[in-house]
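Each remark here refers to the structure printed beneath this line.
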Amino acid sequence: MHLLRVTLLQALLLLVAFACAEPIRRIPADAAAAVAVARAAPDSPSGKYAPKVVPCPAVRPRIRPAGGVSPNETAWLQLRRRATVQPMIDFMQRVGIPNFDAAGYIRSAAAAPGIPNLPNVAIAASGGGYRALMNGAGFLAAADNRTTDALAKGGIGGLLQSTTYLAGLSGGGWLVSSIYANNFSSVETLRNGRKDSSIWKFGNSIFIGPKESGIDIFNTAEYWTAVARQVDQKDEAGFNTSLTDYWGRALSYQLVDAPDGGPAYTWSSIAEDESFKRGLVPFPILVADARAPGETIISLNATVFEFNAFEMGSFDPTTFGFTPVNYLASNFSGGVVPANGKCVEGFDQVGYVMGTSSTLFNQFLLNNISSVASVPKFVVDAIEKILEDLSDDRNDIAQYAPNPFLGWKPDTNPSADAAELDLVDGGEDLQNIPLHPLIQPFRKVDVIFAVDSSADTIYNWPNGTAMRASYERSLGPLANGTLFPPVPDDKTFVNLGLNNKPTFFGCDVRNFTLRGSQSAPPLIVYIPNAPYTASSNVSTFTPSYTDEVRNNIIRNGLNAATQGNGTLDANWPTCVACAVLSRSLTRSATPVPAACADCFAKYCWTGKLDPVDRGRPYEPPYKIANETASALSGAGRAVFTDRAALLSLAVGLVALLLAV
Ligand SMILES: *[C@@H]1O[C@H](CO)[C@@H](O)[C@H](O)[C@H]1NC(C)=O
Ligand SMILES: *[C@@H]1O[C@H](CO)[C@@H](O)[C@H](O)[C@H]1NC(C)=O
Ligand SMILES: *[C@@H]1O[C@H](CO)[C@@H](O)[C@H](O)[C@H]1NC(C)=O
Ligand SMILES: *[C@@H]1O[C@H](CO)[C@@H](O)[C@H](O)[C@H]1NC(C)=O
Ligand SMILES: *[C@@H]1O[C@H](CO)[C@@H](O)[C@H](O)[C@H]1NC(C)=O
Ligand SMILES: *[C@@H]1O[C@H](CO)[C@@H](O)[C@H](O)[C@H]1NC(C)=O
Ligand SMILES: *[C@@H]1O[C@H](CO)[C@@H](O)[C@H](O)[C@H]1NC(C)=O
Ligand SMILES: *[C@@H]1O[C@H](CO)[C@@H](O)[C@H](O)[C@H]1NC(C)=O
Ligand SMILES: *[C@@H]1O[C@H](CO)[C@@H](O)[C@H](O)[C@H]1NC(C)=O
Ligand SMILES: *[C@@H]1O[C@H](CO)[C@@H](O)[C@H](O)[C@H]1NC(C)=O
Ligand SMILES: *[C@@H]1O[C@H](CO)[C@@H](O)[C@H](O)[C@H]1NC(C)=O
Ligand SMILES: *[C@@H]1O[C@H](CO)[C@@H](O)[C@H](O)[C@H]1NC(C)=O
């Protein structure tokens with residue numbers, strides 16, 4: 001009896017020691033090799049942050065009317081659509097739709113001339129600062145076949161490889177830009193970081209700056225001095241600078257893995273990259289709104305602009321034009337750079353473009369920088385000087401001067417007479433998810449995975465406001481042929497929990513009134529930020545995050561994308577596959593597989609309403625478990641499960657000990 005007790009006690013101690021030991025972090029085999037390598041190129045003609053006047057090309061840059069996608073996008077799509085076939089077959093094969101040969105369906109869709117029935121997939125990452133970057137990153141990590149365990153049971157890995165369009169707005173735009181500026185690195189690679197690099201190290205706020213500039217060890221004064229010098233170069237080259245320049249530069253130190261945040265990296269260089277040219281990665285798009293001259297409030301009537309791999313401009317009936325993105329700041333007039341006008345390149349600096357989509361944070365910079373003691377006075381002075389030049393209600397603008405759309409569409413373009421085009425944060429019109437580029441009929445998108453990290457409620461959770469805004473706009477004068485699935489009011493969103501679990505909108509194509517050759521808009525798979533395993537509702541203006549908090553929020557986003565690797569619904573990956581196929585099945589008049597009908601019954605919004613104010617703040621409980629205890633951070637599922645098993649074994653042993 002005594003001996004048994006001792007042996008049991010020893011076993012117990014051993015088990016407890018095992019269970020409590022810091023779990024072994026599973027590092028992917030290729031982690032060492034998977035160094036984030038800058039991919040967008042430092043191809044600014046000045047070699048620095050400043051744009052530069054260049055000789056105009058033989059065919060002078062022109063604005064084109066927005067009656068379709070660009071010839072370059074059309075040509076590129078031929079490659080990309082083909083390149084999504086095998087990943088989609090692999091995805092369907094792995095995920096499986098019971099009693100339906102989904103892989104075979106994709107194969108035959110791919111064999112048909114013009115591939116009209118091949119699903120066309122898009123992903124949209126909303127705004128919401130670092131919260132949106134991290135939560136959106138969790139979705140992309142889940143969808144990426146390169147992520148550790150993304151191809152395990154319950155995973156949705158390969159969806160990203162099957163995607164044609166990847167759009168970001170504000171904080172979601174930081175995510176998209178960071179991925180493309182770093183050789184389409186995976187989220188896991190960016191999160192793991194690199195020695196001597198400040199990539200995705202959010203522990204040092206943007207106000208304090210990184211510990212390393214890429215080669216040197218930095219301090220706050222040196223960092224801000226470098227930022228100010230870069231912005232000065234742009235000023236000295238004769239271009240207007242604004243808070244957006246400072247903001248974009250500062251962001252780049254965390255998001256572009258190159259010395260000094262890659263001052264010479266341009267947005268247009270993404271299109272010059274080999275794997276982009278071969279159609280091996282999706283088409284990146286960022287969204288911003290235009291502020292019409294004299295306007296202070298941005299309403300749903302603001303013109304929505306996009307920066308895509310080739311162009312910048314708008315499909316809206318107001319501006320209705322696109323300019324080549326590499327020639328921004330050239331002297332366009334009436335849609336062309338005239339003989340006496342200059343051509344400019346390098347204005348589309350990648351940090352400036354992501355700063356443009358997120359100008360909401362200009363105010364944040366302004367309000368907080370002077371309270372950081374080690375920021376040199378001349379930097380604070382320079383930033384405050386901008387305020388003297390701009391009135392208070394205009395400090396959120398990114399200036400595009402000269403205005404590329406000067407004299408373009410004078411009857412409808414609100415900025416046609418303005419010397420500069422003012423762009424602001426894409427979320428200021430409340431359309432905080434970048435859906436606008438993806439509902440354009442010319443793009444023929446079938447399904448949008450819309451990751452919403454908006455802070456609508458008092459505790460920073462989304463409540464469908466962004467979806468509602470896009471729906472309302474589609475009913476108004478600026479719709480210009482776009483359609484949007486009906487979505488309910490905010491109270492219904494909250495009362496029915498549509499903001500707490502994935503919800504499909506626009507399932508039934510018979511509900512749309514289609515005119516002429518119009519086809520149904522995309523099905524929207526709405527993935528709202530919710531507490532799966534972490535409190536991912538951090539404030540939009542929290543400036544720094546420990547690696548642990550960052551990883552917890554990314555994992556929370558991954559758990560939203562996979563429904564906890566299928567623990568909340570083992571059929572979820574199948575339902576993702578059904579969402580991908582839905583529009584295509586309709587087009588090819590293929591009966592909906594029974595398993596998909598079950599998914600649609602479970603996830604589609606039926607039109608039910610509950611617009612009652614229950615007068616309670618929305619405080620959702622954890623959907624899986626609070627995994628934010630520090631011992632668990634970085635632990636994979638297998639480790640967690642093993643530890644839980646060990647602990648329950650230990651509990652059993654204690655019971656036995658007490659009994660004997
Ligand atoms: C991910 O997808 C790409 C594109 O289909 C493929 O080349 C690659 O081998 C896949 N990687 C894994 C780990 O499956
Ligand atoms: C970028 O990534 C691709 C695909 O992983 C790789 O083949 C290429 O070598 C990388 N480019 C650079 C400059 O490292
Ligand atoms: C938008 O424009 C329409 C038509 O011009 C107008 O009726 C509506 O009031 C405007 N909405 C806002 C929010 O300005
Ligand atoms: C678009 O394609 C044309 C040739 O078809 C090329 O000259 C031009 O540089 C491309 N534009 C961009 C922005 O890549
Ligand atoms: C969209 O707007 C443009 C420019 O105003 C117009 O020419 C075009 O016909 C509109 N398209 C639709 C489908 O309304
Ligand atoms: C070109 O743009 C610059 C900057 O706005 C301006 O100073 C210059 O006068 C313009 N030149 C022409 C020919 O339009
Ligand atoms: C920082 O900026 C935010 C947003 O503008 C503001 O709410 C906050 O009070 C500022 N913090 C400090 C310390 O000034
Ligand atoms: C800079 O902005 C000011 C005021 O916003 C404007 O008057 C001026 O023309 C702009 N300069 C350039 C070079 O565009
Ligand atoms: C939803 O969010 C908006 C802000 O985006 C807020 O005004 C509204 O009160 C919220 N409604 C509910 C029911 O949470
Ligand atoms: C899902 O799998 C990922 C990758 O292994 C893991 O990090 C995460 O904790 C898992 N989620 C749950 C709820 O087990
Ligand atoms: C679609 O139409 C049906 C029949 O009119 C209706 O019952 C349903 O609520 C509609 N669905 C949505 C999402 O509006
Ligand atoms: C989740 O767990 C952490 C660590 O134990 C704790 O600090 C935090 O308060 C918990 N969150 C909630 C909302 O219970």
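Atoms within each ligand, like the ligands themselves, are counted from 1 in listed order. Side-chain atoms are counted along with the backbone in the values below, which use heavy atoms only and exclude waters and symmetry mates. One-based numbering along the sequence shown.
- Not one N or O of Thr148 is nearer than 3.5 Å to an N or O of ligand 10, by distance alone.
- No donor-acceptor distance shorter than 3.5 angstrom exists from the side chain of Ser314 to the backbone of Thr303, with no hydrogens or angles considered.
- Distance from atom 7 (O) of ligand 11 to its nearest protein heavy atom, with residue and atom name: Thr606 O, 4.8 Å.
- If you run side-chain hydrogen bond (donor to acceptor under 3.5 Å, both in side chains) between Ser453 and each of Thr540, Asn135, Asn537, only Asn135 comes through.
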Test side chain to side chain contact (heavy atoms under 4.5 Å, CB included) applied to Leu133 and Leu255, step by step: CA-CA 11 Å; Leu133 183 156; Leu255 299 177; 3.9 Å; yes
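- Proximity of a side-chain donor or acceptor of Asp452 to a complementary backbone N or O of Pro462 within less than 3.5 Å is not detected.
- In Phe505, neither the side chain nor the backbone holds a heavy atom less than 4.0 Å from any atom of ligand 11.
- Proximity of atom 2 (O) of ligand 11 to the protein is indicated by at least one non-hydrogen atom lying closer than 4.0 angstrom.
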CA sep, side-chain torsions, deciding dist, call: Ile123, Phe139, side chain to side chain contact (heavy atoms under 4.5 Å, CB included): CA-CA 9 Å; Ile123 298 176; Phe139 184 90; 3.9 Å; yes
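- Considering only non-hydrogen protein atoms, atom 4 (C) of ligand 9 sits nearest to Asp456 O, 3.7 Å.
- Short contacts between ligand 11 and Trp605, defined as distances under 4.0 Å to a heavy atom of the residue, involve ligand atoms 13 (C).
- Scanning the protein heavy atoms around atom 6 (C) of ligand 11, the nearest turns out to be Asn511 ND2, 4.3 Å.
- Shortest contact from atom 14 (O) of ligand 9 to any protein heavy atom: Asn463 ND2, 2.9 Å.
- When the heavy atoms of Lys153, Arg555, Glu188 are ranked by distance to atom 9 (O) of ligand 10, first place goes to Arg555.
- Between Asp508 and ligand 11 there is no heavy-atom distance shorter than 4.0 Å.
- Ligand 10 places these atoms under 4.0 Å from at least one heavy atom of Asp149: 4 (C), 5 (O).
- Here's the thing with Asp490: one of its N/O atoms is less than 3.5 angstrom from an N/O atom of ligand 9.
- A distance below 6.0 Å separates the ring centres of Phe505 and Phe493.
- Of the polar atoms of Asn559, at least one N or O is found under 3.5 Å from an N or O of ligand 10, judged by distance alone.
- The sulfur atoms (SG) of Cys596 and Cys578 lie less than 2.5 Å from each other.
- The aromatic rings of Phe541 and Phe364 are tilted relative to each other, their planes meeting at an angle between 30° and 60°.
- Taking the six-membered ring where the residue is Trp, Tyr130 and Trp174 present perpendicular rings, their angle passing 60° and hence far from 30°.
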